[in-house]
Amino acid sequence: MRTILSKKKIRDDFVRKIEEISGQKLLACYQCGKCSAGCPAVAEMDILPNQVIRYAQLGFKEELLEAKSVWICASCYTCNVRCPKGIKIAEVMEAVRQVLLRKRKDHVEVPKLSAEDKASVPAIALISSFRKFTS
Ligand code: SF4
Ligand code: SF4
């Protein structure tokens with residue numbers, strides 16, 4: 001993934017919006033990686049949870065909004081518990097989803113799932129999707 005760092009990106013409204021929605025101070029993260037090391041969904045992610053935080057810190061908006069990881073996240077809160085800086089990574093994931101949902105770019109359209117899909121998807125995955133639509 002090609003990313004270019006600039007002062008404009010770091011000062012972009014997007015960074016402030018993610019901090020405001022999540023209630024987290026992104027710059028507190030020092031990239032220790034403990035969140036990613038404990039994440040049960042990391043094998044399916046395209047960028048690691050600590051990278052989500054890093055991208056949010058640096059204002060890599062397009063890259064974050066395109067990332068599958070925020071949708072793969074199961075909101076299990078393991079990362080929140082493991083973070084030595086007390087950062088709630090799951091809330092940052094939710095903030096990125098909120099920005100996308102406010103743009104009406106839904107990733108999982110539950111009503112469009114077939115009966116077969118609904119029967120085969122674990123209940124917790126569906127519940128997690130509902131929570132993403134309503135929180
Ligand atoms: S565990 Fe916390 S401090 Fe460490 S990389 Fe993750 S968010 Fe940053
Ligand atoms: S809340 Fe999401 S990012 Fe954090 S450990 Fe669970 S699945 Fe991974």
Side-chain angles (χ1 to χ4, degrees):
M1 192 178 293
R2 188 164 177 266
T3 51
I4 299 170
L5 183 59
S6 71
K7 197 187 291 181
K8 183 171 175 291
K9 269 183 182 286
I10 293 174
R11 292 182 178 164
D12 193 280
D13 279 349
F14 174 76
V15 178
R16 282 197 295 277
K17 192 181 291 182
I18 294 295
E19 287 194 327
E20 185 184 319
I21 297 172
S22 67
Q24 305 306 303
K25 291 285 179 209
L26 296 172
L27 289 176
C29 169
Y30 60 173
Q31 289 292 298
C32 68
K34 281 194 74 174
C35 50
S36 300
C39 174
V42 81
E44 304 301 323
M45 292 183 173
D46 49 0
I47 57 173
L48 302 173
N50 68 292
Q51 290 176 308
V52 169
I53 302 296
R54 190 64 175 149
Y55 280 21
Q57 286 175 332
L58 300 178
F60 289 160
K61 177 168 57 179
E62 288 77 20
E63 292 81 355
L64 262 185
L65 296 180
E66 291 296 320
K68 283 190 302 182
S69 300
V70 296
W71 299 103
I72 297 293
C73 169
S75 304
C76 70
Y77 305 122
T78 304
C79 50
N80 290 13
V81 175
R82 290 174 60 92
C83 178
K85 298 293 287 184
I87 300 166
K88 295 177 178 169
I89 298 97
E91 275 78 344
V92 175
M93 296 277 190
E94 172 67 11
V96 177
R97 290 195 294 265
Q98 287 284 337
V99 169
L100 271 171
L101 291 173
R102 287 173 189 182
K103 290 171 176 278
R104 305 187 65 78
K105 285 187 178 177
D106 297 350
H107 185 72
V108 179
E109 295 189 63
V110 176
K112 290 188 179 174
L113 289 177
S114 68
E116 192 176 87
D117 282 342
K118 286 177 191 165
S120 63
V121 172
I124 189 66
L126 283 177
I127 291 165
S128 178
S129 294
F130 294 141
R131 182 163 53 199
K132 287 167 190 169
F133 285 115
T134 56
S135 59

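Atoms within each ligand, like the ligands themselves, are counted from 1 in listed order.
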Using a 4.0 Å cutoff against the non-hydrogen atoms of [X], which atoms of ligand 2 qualify?
X	value
Cys39	3 (S), 5 (S), 7 (S), 8 (Fe)
Thr78	5 (S)
Met93	3 (S)

Could you check if a side-chain atom of Met45 sits within less than 4.5 angstrom of a side-chain atom of Cys39, using non-hydrogen atoms only?
-> yes
Under 4.0 angstrom from ligand 2, any heavy atom of Gly38?
-> no
Evaluation steps, side-chain contact (heavy atoms from CB on, under 4.5 Å), between Asp46 and Ile72 | CA-CA 9 Å; Asp46 49 0; Ile72 297 293; over 6 Å; no
Spell out, as yes or no, whether a donor-acceptor pair under 3.5 Å connects the side chain of Gln51 to the backbone of Leu48.
-> yes
Would you confirm whether Asn50, through its side chain, and Gln31, through its main-chain N or O, come within 3.5 Å as a donor-acceptor pair?
-> no
Nearest to [atom], what protein heavy atom do you find, and at what distance?
atom	answer
atom 4 (Fe) of ligand 2	Cys79 SG, 2.2 Å
atom 8 (Fe) of ligand 1	Cys29 SG, 2.4 Å
atom 6 (Fe) of ligand 2	Cys76 SG, 2.3 Å
atom 2 (Fe) of ligand 1	Cys83 SG, 2.3 Å

Considering all heavy atoms of both residues, which atom of Ser69 and which atom of Met93 are nearest to each other, and what is their separation?
->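 Shortest heavy-atom contact: O-SD, 4.3 Å.
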Taking every non-hydrogen atom, the tightest pair across Ala90 and Cys79 =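 Nearest heavy atoms, Ala90 then Cys79: N-SG, 3.9 Å.
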Go through ligand 1 atom by atom and flag the ones less than 4.0 Å from a non-hydrogen atom of [X].
X	value
Gly33	4 (Fe), 5 (S)
Ile89	7 (S)
Pro84	1 (S)
Tyr30	3 (S)
Asn50	5 (S)
Gln31	5 (S), 8 (Fe)

Qualifying residue for side chain to side chain contact (heavy atoms under 4.5 Å, CB included) with Cys29, from Ile89, Val92, Ile87 |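 Output: one option passes, namely Ile87.
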More than 12 non-hydrogen atoms from neighbouring residues, nucleotides or ligands closer than 6.0 Å to NZ on Lys118, yes or no?
-> yes
Could a heavy atom of Arg82 be found less than 4.0 Å from some atom of ligand 1?
-> no
With a 4.0 Å cut-off, would you call Glu19 and Arg16 a salt bridge?
-> no
To which of Cys35, Pro49, Ala74 does the heavy atom nearest atom 7 (S) of ligand 2 belong?
-> Ala74
Could Lys88 and Tyr77 be counted as a cation-pi pair, given that NZ or CZ must be under 6.0 Å from the ring centre and within 45° of the axis?
-> no
